[in-house]
Amino acid sequence: MAEAADYQGTSASPARRWLRRTAALLAGAPLLAGLLQLPAAHPAQAASSDAVSVALDSLTPSAPTDGDTLTVSGTVTNHGKQTVTGAHVGLRVGPLLNTRSAIDAISRHSADASAAGTGSEVDAKYTEKFSQLVPGVAEHFSISVPVDKLDLGEDGVYEFGVSLSGQTRAQPWDQVLGIQRTFLPWQPSDADTKTRTTYLWPLISTAHMTARTGAGELQTPVFVNDELAKEIGPGGRLAQMLELGKDLDVTWVIDPDLLASVDAMAGGYRLPADNGTTTPGTHQAVAKQWLAELQKAVVGKEVVALPYADPDLASLAHHGTSVTGSLSHLKDATDVAAITVKTVLHVTPNTDFAWPAEGAVDPSIMKVATSAGADRVIARSDSLQETSGLSYTPSAARPVGGGTTAVVADARLSTAFEGDLAKADAATLAVQEFLAQSLEVNAQTDQQRSVVVAPQRMPSAGQAQAMATALRTLQDGTWSQAQSLTAAAKAKPDPNATTRIPSTSAYPPSLRRQELPRAAFEQIAGTQDKLDNFKVVLTDQSRVVTPFGRAINRETSTSWRGRATQGDSFRDDVKSWLDDLADQVKLIDKSETKLSGRSATIPVTVQNNLVQPVSHLVLRLTSTMPTRLKIGGKAYDEQPVDVSGGHSQSVKFTTSANANGRVTVFAQLYTEDGQEYGGPVSFDVKVTEVTPTVMLVIGGGVLLLVLAGFRMYTQRKRAAARRGEDGTDSTEGGTDTPEDGPGDEPGNPGTGGDRLPDESGASSEAEDPEQPSDPAPDTAPESTDPSGTGERVDR
């Protein structure tokens, strides 16, 4: 929500204020008298804020009530060059803070010992003394004090400090050498009106799965690395988010890609190896356990599903909408989100919410955010700021027109746990400031309001622990009650709250610099076009469309902000792998082909190294000189192609030559809708109408005819000579034989003796020479045996 203006809450009675001021003056009189006796060279002021540091490691309970004992522990460290003597750690209670801006001011100077004081020390018996503090040595302290000794008055937020006082050789008087200020929320009984607080608990990670999958029916996924196993494993960030969140009244906000990745890991996964291959992953059991625990944790809780892979809505709005097809990816990511969550967690999620990066919005972002069906946009109050001068923080829901509701998260509360909270002192301060802001919001007015807290998307383990500590205090506290995000969005909006979406020029430059550039969306569009062209030839499209479709969703993820190099590498890998798969269906290169005669067939081989068959392909063979060489009687011819997985197929084209010479021929695969598939293959066809081989065959045939005629002539001459010598015609057995019997007809050699001698002197039958026909093309035969798959599969 927008930052509320300062609002003076209910103050102490005039009599009580007079008593407090009088007591403070009386308590300070002896100290003032002593300071007046000091030399002018040593004014009554605190030493440099870095002389001694005070680290506040724990403050329990974070929001004490009547009868509690407050325990404060931490360390003090002397950063100076001189030993501090007569040192003691004391507790200080400051004034009641009545505005959120007052809390901000103290937080900005929380360790400045020279800043305006934090009231007076609590009773001296509740201190811890040190005879000396040696430079560079940290000393631990722990102080417990009954809450009734803190003299807390009316309900509200008090400034609270832990100070280290002592003296040095250069300044031998008692003085504050170091301090740590924080806040003490004081609401011992239930508030008349409680704030309804919605806290988003995000389960979001970076992209872990690639587009690559293994061979076989299971299509084992290949992960970028094993970082996800660390996140969900014992002590990991996501393991802590789950363990802490299951006992909190929160709204789970989940990226379905995270669920799909852990689910895939549970079923078996592979990791890249140094030699370009992959090795099996080993954390399936961890993945199964994390999913099982999450399934139990979300039972009965609200689950909001972001679009798949948490797309960067601002990048899409500012750079992607001008690239064709970009918005369709957002629609696809939204459609698959609910299915993924329901399949993995067995709950039906809410998909009505869009969440731009850091809740920053402008008109173009709102338009894109709602284009895929979401009608509620999670914004933040430092983007959609109040302009009407409200003295309080309004409720989160804001109708912004067109049936869209902006759910405006409070910026102070949402950013309370950013930064490095791995150390206990930083986490303690964050918890106390969050609780102070929450209580101050509740004290602003007696009207009940709905407040939404949208923290950073991927809290660290330390941040998650601090968030959980604060939320447990709220749940057990007296001024707040939990509420779901849907309920907050449906709450009655404040009529005085702003509904004006900031202009595009108001979008923070720091966030704009982190956006995906237009070139990224153009590359994504190119990958999608290649996928669309590739999938039409596959008999089982899901094996390719699903893994690549989800990978394309990951390419627009919000998680690439601040990680531009990794994002470029991921997109390049997706494109490279798709190119590699598509190239497994290709034409085999051909060398020069010799064509003898006027007609012949030319084979062109298509190879499929995928494990699934391909179809819906057309092979076109084109002659560059159809006047010399025609394909199928025209300039080009086409034939459908179907190739089994791991096999090659030769497609034969009939050609006819009209003249001798060399002709370049192009072979190109097309999809059935006319899109080119892969690159062309060109080769030369050398047309020779009459070749030496043909001449040899013709010459051999002529020679056989000459020999046959000579033999017939000699046989007839001998027969005539015998008849002349005998004077009569006679046959064996007295049978008459015609002079020219059937066996002696010219051109029809008889079976009795019409044989040509062979080289051994024996005779053989003389056969009719065949009529010459067009010989086969003078090319090496293409192998039609199945080609090795090489384990290349359509992942």
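Judged by distance alone, with hydrogens and angles left aside, the side-chain atoms of Thr556 form no donor-acceptor pair with the main-chain N or O of Pro311 at under 3.5 Å. Side chain of Asn608 to main chain of Val643: a donor-acceptor pair is present (N/O by atom type, distance under 3.5 Å, no hydrogens or angles). Panel note: side chain Thr558, backbone Asp310; a donor-acceptor pair is recorded below 3.5 Å. The backbone N or O of Asp580 lies less than 3.5 Å from a partner atom in the side chain of Gln584, making a donor-acceptor pair. Between the side chain of Ser557 and the backbone N or O of Ala309, at least one donor-acceptor pair lies under 3.5 Å. Put simply, the side chain of Ser569 never gets that close to the backbone of Thr565: no donor and acceptor are under 3.5 Å apart. Without hydrogens or angle criteria, Tyr269 side chain to Asp226 main chain gives no donor-acceptor distance under 3.5 Å. Not a single donor-acceptor pair under 3.5 Å links the side chain of Lys586 to the backbone N or O of Asn609. Panel note: side chain Thr277, backbone Ala273; no donor-acceptor pair is recorded below 3.5 Å.
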### Message
Walk me through whether Glu555 and Gln523 qualify under side chain to side chain contact (heavy atoms under 4.5 Å, CB included).
### Response
CA-CA 10 Å; Glu555 291 181 340; Gln523 182 179 13; over 6 Å; no

### Trace of the salt bridge (charged side-chain N to carboxylate O under 4.0 Å, His left out) decision for Asp332 with Arg550
CA-CA 9 Å; Asp332 178 58; Arg550 301 293 75 80; 2.5 Å; yes

### Query
Under the side chain to side chain contact (heavy atoms under 4.5 Å, CB included) criterion, do Lys535 and Val544 qualify, and how do the steps go?
CA-CA 7 Å; Lys535 70 181 182 182; Val544 170; 5.6 Å; no

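Annotation: Lys630, atom NZ; neighbour count of heavy atoms from other residues, nucleotides and ligands within 6.0 Å is above 12. Counted within 6.0 Å of NZ on Lys652, heavy atoms from surrounding residues, nucleotides or ligands total 12 or fewer; the atom is thus considered open. Surrounding NZ of Lys530 are more than 12 heavy atoms belonging to other residues, nucleotides or ligands, all under 6.0 Å away.
When each of Arg512, Arg554, Arg561 is checked for a salt bridge (charged side-chain N to carboxylate O under 4.0 Å, His left out) with Asp312, only Arg561 meets the rule.
Within the 4.5 Å cutoff, the side chain of Val368 has heavy atoms near those of the Leu330 side chain.
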